[in-house]
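So the structure is just underneath, and the comments pick up after that.
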Amino acid sequence: MPRLRIEVQGVVQGVGFRPTVYRLALAQGLTGSVWNHARGVTIEAQGEAANLESFVHALREEIPPPARVAKLASAEIPEQTGAPAFQILPSHEGGDIRPVVPPDLAICAACAEEMDTPGERRYRYPFTNCTYCGPRYSIIARLPYDRPHTAMKSFPLCPACAREYGDPLDRRFHAQPIACPVCGPRLSLRRPDGSGPAEGEEALRDAVEVLKQGQVLALKGLGGYQLLVDATSDAALRCLRERKQREEKPFAVMFPDMASLDAACEVSEVERALLVSPEAPILLLRRRPGTQVAAAVAPGNPRLGAFLPCTPLHRLLLGVVDRPLVCTSGNLSDEPMAFEDGEAFHRLGALADAFLTHDRPILRPVDDSVLRVDGDGPTLLRRARGFAPLAVPLASAEDGPSILAFGAHQKATVSMLHRGQLIMSQHLGDLTSLEGTDLLARTVTDLLDFFQVRPERLACDLHPDYASTRLAERLSGEWNLPLIRVQHHHAHGAACAAEHGLERSVTALVWDGTGLGNDGTLWGGEALVIKGASFQRLGHLRPFPLPGGEAAVREPRRSACGLLWSLRGKGEPPSSLAPAFEGPDWSLLQTMLTKELHSPMTSSIGRLFDAVAALSGLQARRGFEGQAAMALEFAAGDRVEPPYAWAVDEGVADPSSLLEGVLADLDTGKDATCIAARFHASLAELALSWAKLSGLPDVVLSGGCFQNARLTALVQARLGEAGFQVHRHRKFPPNDGSISLGQAVVAAQ
Ligand code: ZN
Ligand code: ZN
Ligand code: FE
């Protein structure tokens, strides 16, 4: 009988792949074995030719949804006689094993059906899971991934669960978080003052009441505490925004089912598949007009962050409350999400009216991931649940040293580059709070412990005041390791190039808020030529002063004031800007600029967006970071208008004529939509003139500005027409979430 050796690569470890192989082999009456190793999974299978053929076919077609087969190669090898029944071999027999920490996965269809079926052992059980779904990364204390090393260690298996756990033909074979109503975690509802504890179905009913009364419910989710309110109630939203100190930043909404989600948003086939995938991310979908979702969920935003229940607990709750719920991370603005019970009760006590919680500990916070699908495919905007900490192969780094990279200051992530694999932590949020800095340090320890890597070099940003830089400096001293400081925009561009496996020189258009440049000014509107560990600044926006420095991030009018000052010197505000300045504000800023007080120079395109948004009356005063840029993007819509003129001299782009154009349009009564459309078109022209300067065929786009779908599409189209190959982020975010990746890649060379 023929015997095949089959090599499988892809996402095939920690996702129930080997038990599936076992079942498929038994179904075809094959003998042989399957084992894990550093590069994936190897199978040896022996049987009748027709059975072998069906088996190989099934390996591609019938594997569980979290597993992804990227490569499958089979070759005939000599037959073995007297072979025992098909078996799963322990990993170590396969030799050099690269550890895999599986991500947390949304409830699978089989588990969902079980919990909906009266009479099933797990009917309405909120902690149902199996080999293909449920908590992983958020409950693993250490490797190897076995139950005693997880948050489930204090739940001894009942006989029924033990039987399922030990049966290779059962869906729960070696499912480490396996649980049932007899032996598993239990649900409870608590009030912030400790009163009224309720358990099980009663806790669920009470939680539903809390939501129906328009109150705030803190829910212990998969990777941390979340705050939930009725998304159809304006009053409930006002209450949540007030308590969370979050004025206008959009909230994500969880819908009970696809039908209710469909009623509120337009959903394409690609988007539909993503919504029900094991990663079950939040998707930024186009909102339908006049739906039951309150406008205050995402004011002025044509998109809505929408997702489906990802755990059995969310499913139960949404099923009973039967309306969309705002579902946001449990924190005060800028702090990381609370995930430990004591800490959550303490930090969220004043924010929530009740806590729906349980006794399965969460060992590390994992936020919901966020994705947007544009004309040419998905862009990951926040990489967390479902994705982290899956390794991504980077061919260029196969033989390089092991690197630990500490990332930026906002949208922080930590990355480890080791033997050609990049392991990026989950999105950790901003490092502006003490809690944020602690989380960064814990995550570094976590990654090193899990993957048993001793880094040979550390990498961080040039900025000396980032909490990530300070941690990197401290550890580089303690561990006596070299620390490589990578310029922020170099890291951005290198990240995008690495994601696309580009090893030759590329033009990198890196447009974002601000990052520290090599010359001590704040960069952010850069055209770089990147070749490995080095880069050249090919072009940039002519710098203008930013009165108040970082304060300008939340006050677009400051960018407008600085830009006008650099163009015209001291003067009066144009009439469109006057209402944004009360009393002495304007003259105070003008004095700061004239005396060069606390007014750093910047070439940031993010700040140019702010200035134009303020001038066109869209967003001048306080707001969340990026709000002004979003307002311009939404105002532009799909409108096509001619660009403003640019003067680009030896790579330096002077925004003067653009600004004069905006002011002239304002004078002749053009509306914000027209100005926004012209502004976006101008940036596409700028991209083209910079790309032409280097003439290199590949252009990578990175930086927070490329979260703007309109800008990205225009730049891609303009460069594409001119024959350039344009690459943008796909698997990693265009924002500072990718900085640790870029740092790692640069430091490795
Ligand atoms: Zn399942
Ligand atoms: Zn049990
Ligand atoms: Fe950045």
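Sequential numbering from 1 along the given sequence is applied to the chain's residues. Every number for a ligand or one of its atoms is a count from 1 in the order of the listing.
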State plainly whether the residues [X] and [Y] are in salt-bridge range, i.e. N to O under 4.0 Å.
| X | Y | value |
| --- | --- | --- |
| E113 | R171 | no |
| R558 | D610 | no |
| E625 | K249 | no |

Review point. Taking 2.8 Å as the cut-off, does an N/O/S atom of H492 lie below it from the Fe ion (ligand 3)?
Key: yes
Review point. Any side-chain donor paired with an acceptor under 3.5 Å for D698 and H500?
Key: no
Study note, to complete from the structure: Which atom of D512 is nearest the Fe ion (ligand 3), counting N, O or S only? It is OD2
Review point. Quick one: angle C158 SG - the Zn ion (ligand 2) - C183 SG, to the nearest 10°?
Key: 120°
Practice item. Can you tell me, to 10 degrees, how wide the angle at the Fe ion (ligand 3) is between NE2 on H488 and OD1 on D736? Key: 100°
Check your understanding: Parallel under 30°, tilted from 30 to 60°, perpendicular over 60°: which one fits the rings of H490 and F535?
Key -> tilted
Review point. Can you tell me the angle formed at the Zn ion (ligand 1) by SG of C133 and SG of C130, to 10°?
Key: 120°
